[in-house]
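Everything below concerns the one structure shown next.
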Amino acid sequence: MKPLEIYVHIPFCVKKCNYCDFLSAPASKEERQEYVKSLCKQIRSCGEAARAYRIVSIFIGGGTPSLLEGEQMTEIFRAIRDTFFVEEHAEITVEMNPGTVSEEKLKVYQTAGINRLSIGLQSADNGELQVLGRIHTFEDFLETYWMARGMGFGNINVDLISAVPGQSQESFAKTLRKTAELSPEHISAYSLIIEEGTPFYKIYGERPYVPDCEYPPLPDEDCERQMYYDTKRILTEYGYRRYEISNYAKPGYECRHNLGYWNRTEYLGFGDGAASFMDHKRWVAGETPNLLTIEDEMEEYMFLGLRKTEGVSIPGFEKQFGKAMETVYKKVLADMESKQLLERQEDFIRLTERGIDVSNYVMSEFLL
Ligand code: SF4
C-alpha cells in the first residue's frame with residue numbers, strides 16, 4: 001500500500017480576518033451541516049481507489065474547523081475510517097482558533113484519534129490581534145492552550161504572523177518569547193502578505209498608505225527582515241530547530257503532513273477548493289486534473305524540497321527521474337553555489353542563510 005495524506009477543508013469562520021484570502025466565510029448552522037454531509041459523501045465515494053493506499057497523515061484545515069460541532073467532526077472521521085486504512089500512528093491534526101473550542105469538543109477529537117492541534121494565535125499583543133481582525137485575545141488563546149494541555153494533547157502547533165501593521169521588532173520578539181515559554185512542540189511563523197481582495201489590500205496594497213487612516217503603517221523592510229532573524233535566534237534559544245523556511249519544531253515534532261507536501265508524498269483533498277496530488281496529477285476539487293510532465297516534477301522536486309533546511313537529496317533526484325541532478329541543473333547549481341545562495345552537505349543541496357533571504361529568486365531559477 002502506498003502512503004497517502006488526506007486534507008479536509010472546512011471553509012467556515014466566525015468572521016473574516018483583515019488579511020485573509022483563504023477560502024473561508026461565516027455560515028449558518030444549516031449550511032455547515034449541509035457541507036459536512038456532502039463532504040462525507042465525497043470521502044465515501046473514494047471506496048475502490050482507496051484500497052491501494054495507507055493513510056499516513058490527516059489534516060483538517062480551514063477556515064476554522066473547530067467551529068464544527070463535535071458530532072460533525074465525528075461524522076467526518078467515521079467517513080474517513082470507513083473508507084481508508086488509517087495507519088495506527090498516523091499524524092492527525094485539526095486547526096482551531098481560540099474561543100471556538102470547548103472541553104467537550106476536545107474530548108470528541110481524542111476519541112476520533114486527533115493527536116495534534118494547530119492553534120491560530122498570530123500575536124500575543126491584543127492591539128495587534130485587533131488590527132488583524134482576529135476574534136480572540138491572547139488570554140483566550142491561553143485558555144484554549146491550557147485546556148488542551150490539561151486534557152493531554154502532547155503535540156501542539158502555534159501559528160504566528162510577523163510584520164503586522166504597527167508591530168515593532170520588540171513587540172514581535174515579545175510574542176515569540178511569550179509563545180516559546182509555553183513550550184508548544186511546533187511554531188509556524190509566517191510574514192504577513194498583503195493579498196489582493198482583502199481589507200488590508202485596500203489600505204496597504206491598492207494605493208499609497210494614508211498616514212492618518214485608522215490602521216497603523218506596516219513595518220519597513222529592514223524591520224521585517226530583523227523580525228525574521230529574531231525568529232530563528234529566539235526560537236533556537238528555546239530549543240526549537242528551524243526545519244523549513246517558516247517552521248520550527250522541538251526535536252521529533254516536525255509536522256509530518258507538511259513534510260509530506262515538500263517531499264511530494266501523494267495527497268487527496270476533500271472539500272471546497274481543496275487541492276490533490278496523485279498519480280502524477282494535480283487538481284483542485286471540481287476542476288480537471290493536470291497531468292505533470294517530467295519537467296514539472298523535476299521543478300517541484302527542487303523548489304518544494306529546497307524549502308526544507310536539510311535541502312534536496314542528490315541521489316533521491318536520480319532515483320526518481322533516472323537522470324543526475326547535475327546533468328539537468330548543471331548551470332543553475334554552479335551559478336547559485338558561486339553566489340553562495342546554495343551549498344552542498346554530503347548528499348544534499350540546500351539554501352544558505354543568504355539563499356533563504358532570496359529564496360523566491362533561487363527557486364525560480366529551477367524552472368525548466
Ligand atoms: S480565522 Fe483563519 S481562515 Fe478564518 S478568516 Fe481568519 S485567517 Fe482566514
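Just follow the structure's listing: the first ligand is 1, and inside any ligand the first atom is 1.
Every residue meeting the salt bridge (Lys or Arg N to Asp or Glu O under 4.0 Å) condition with Glu343, not counting sequence neighbours, appears here in chain and number order: Arg350. For the side chain to side chain contact (heavy atoms under 4.5 Å, CB included) test, residues two or more places apart in sequence or in another chain that qualify with Glu185 are Arg149, Asn155, Ile156, Tyr253. For Thr293, the side chain to side chain contact (heavy atoms under 4.5 Å, CB included) partners two or more places apart in sequence, or in a different chain, are Glu295, Asp296.
Seen from the ring of Tyr228, Arg225 counts as a face-on cation partner, given the 6.0 Å and 45° thresholds.
The number of protein N/O/S atoms found under 2.8 Å from atom 6 (Fe) of ligand 1 is 1.
Hydrophobic clustering places Tyr240 together with Tyr145 (ILVMFWY residues linked when any side-chain heavy atoms are closer than 4.5 Å, directly or through intermediates).
When Trp283, Tyr261, Trp262 are each tested for a ring pair (Phe, Tyr, Trp, His ring centres under 6.0 Å) with Tyr267, only one passes: Tyr261.
Among protein heavy atoms, the minimum distance from atom 3 (S) of ligand 1 is reached at Gly63 N, 3.3 Å.
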